[in-house]
Protein chains: 2
Amino acid sequence: MLSNKCKYAIRAVLYLASQASATKMTHGTEIARLLKMPVAFTVKILQELAKKDLILSSKGPKGGFYINEQIKKLPIINIVNAIDGADAFHRCGIGLHKCSDDNPCPFHETFKAHREKFLSTLSSTTIGTFCIDFNENHFLYVQKEVV
Amino acid sequence: MLSNKCKYAIRAVLYLASQASATKMTHGTEIARLLKMPVAFTVKILQELAKKDLILSSKGPKGGFYINEQIKKLPIINIVNAIDGADAFHRCGIGLHKCSDDNPCPFHETFKAHREKFLSTLSSTTIGTFCIDFNENHFLYVQKEVV
DNA sequence: TTTAAATAGGACAATTTAGTCTTTTATATA
DNA sequence: TATATAAAAGACTAAATTGTCCTATTTAAA
């Protein structure tokens, strides 16, 4: 459904949200270390998110990435759209491009229902929802083991 | 959710099901051509399915791939398990390996609920369900355009 | 029995995704 | 102002996925 890159992006933004009460910045390396994600790749993703105005950044010492009130109002789906593209949630479950409501594949109904529900949750949940203390919700973000 | 390879596999098996009334064999190249899928890759997938006893094959002239009554009883999920592995339907929506019912990520409930629904459809729908005439249901299988 | 048509098997190539490294630019602070 | 720290940018590398190609084996039928 979502690419690894996109999953990393969501986790990183959720982390930034958890730090947002202090309007504190965290640099990319630190975020990657805390969330146990690949360092250089994480920084790349953060830079991409910043360029697309989904997070904010500041260069130099004490710099890093952060979010503000405006960004807290954005839904999580914006991250998905920015990283995986807007059609990530409109593909047929068995890969038929011509599959549609009018021309449904055998799994169209059930698959669409699943996809749409997940989509609607991502659309109605804002980044601000996750402005809760990181330490309290550690398990939400951190990959404790790699499979 | 499913890899391209797996989607090709499902479409190929659905096609074989549509031909099963005549217990007719179709060779790999023909299946690929009819379903507009990459030829060599399709044949590879068919061979893999045959090796895993999800379809039957016969070498030589007039040979090809086909299914029998026993195979018609198998659920579609068996194809997914054979190609993508059994855990394809048990991964967290945002990639957290430690996410579970006890330790749910923020999207756990909604994602799981509908993933399970899709899984259950694939588990309860047998290959035999698709033993209907190919020509009548052409649009189900054929990729009419490549995006 | 020869031939041609098909699967079986495995090496190989291309593409996409995932990830690193190096250099440049901006900025806080000593 | 000098220095160190961090993002920005882009080239590069690695791994996984998606495919192709070639050779061997089996088998139906002329």
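Labels below follow one simple rule: chain letters A, B, ... track the order of the sequence lines, proteins then strands, and each chain is numbered from 1.
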(message) Just the rounded figure in Å: distance from P of C/dA6 to CZ of B/Arg33.
(response) 12 Å
(message) Measuring from the side chain of B/Lys59 (C-beta onward, heavy atoms only), which nucleotide among D/dG19, D/dA7, D/dT25 has the closest atom?
(response) D/dT25
(message) Nearest 0.5 angstrom please: A/His27 NE2 to A/Arg33 CZ, how far?
(response) 8.0 Å
(request) Grab the CG-C1' distance between B/Leu56 and D/dT26 for me, whole Å please. (result) 16 Å
(request) Look at the side chain of B/Lys5 and decide which nucleotide, out of C/dA18, D/dT18, C/dT27, has an atom nearest to it. (result) D/dT18
(request) Please determine, by modelled atom types, if A/His108 and A/Asp101 share a side-chain donor-acceptor pair under 3.5 angstrom. (result) yes
(request) Would you mind reading off the distance between A/Arg11 atom CZ and C/dA18 atom P, rounded to a whole angstrom? (result) 13 Å
(request) With DNA chain C as reference, determine whether B/Gly63 or A/Gly63 sits nearer its 5' end, using the nearest nucleotide of each. (result) B/Gly63
(request) State whether a side-chain donor-acceptor pair under 3.5 Å links B/Ser123 with B/Ser120. (result) no
(request) Ignoring the backbone of A/Pro61, work out which of D/dA28, D/dA7, D/dA4 is nearest its side chain. (result) D/dA4
(request) Check the distance between D/dA7's P and A/Leu49's CG and give it to me in whole angstrom. (result) 13 Å
(request) Find the distance B/His27:NE2 to C/dA4:P and express it as a whole number of Å. (result) 17 Å
(request) Output the single nucleotide from D/dT18, C/dA28, C/dA8 whose closest atom is nearest the side chain of A/Lys62. (result) C/dA28
(message) Would you call the rings of A/Phe41 and A/Tyr8 parallel, tilted or perpendicular, taking 30° and 60° as the class edges?
(response) perpendicular
(message) Side chain of B/Ser3, heavy atoms from C-beta onward: which of D/dT18, C/dA18, C/dA6 has the nearest atom to it?
(response) D/dT18
(request) Please check if atom NZ in B/Lys24 has more than 12 non-hydrogen atoms from other residues, nucleotides or ligands closer than 6.0 Å. (result) yes
(request) From the options C/dT7, D/dA7, C/dG9, select the nucleotide whose nearest atom is closest to the side chain of A/Ser57. (result) D/dA7
(message) Other residues, nucleotides and ligands only: do more than 12 of their heavy atoms fall within 6.0 Å of NZ on A/Lys52?
(response) yes
(message) Can you measure B/Ile45 atom CD1 to C/dA8 atom P for me and round it to whole angstrom units?
(response) 14 Å
(request) Please determine if a side-chain N or O atom of B/Tyr8 lies less than 4.0 Å away from the OP1 or OP2 oxygen of D/dT18. (result) no
(message) Can you measure B/Met37 atom CE to D/dT18 atom P for me and round it to whole angstrom units?
(response) 13 Å
(message) So for A/Gln47 and D/dA8, does any side-chain atom that can act as donor or acceptor lie under 3.5 Å from a complementary atom in the base?
(response) yes
(request) Taking A/Thr129 for its side chain and A/Thr126 for its backbone only, find out whether a donor-acceptor pair lies under 3.5 Å. (result) yes
Listing time: all N or O pairs from protein to nucleotides 20-22 of chain D that are below 3.5 Å?
residue, atom, partner, partner atom, Å
D/dT20, OP2, B/Ala40, N, 3.2
D/dT20, OP2, B/Phe41, N, 3.3

(message) Need one value for B/Thr29: base, sugar-phosphate or nothing, where a base atom within 4.0 Å counts as base even if backbone is also close, heavy atoms only.
(response) nothing
(request) Nearest whole angstrom, please: distance from the P of C/dG10 to the CD of B/Glu48. (result) 13 Å
(request) Would you give the length of the straight line joining atom CG of A/Asn4 to atom CD1 of B/Ile94, rounded to the nearest 0.5 angstrom? (result) 12.5 Å
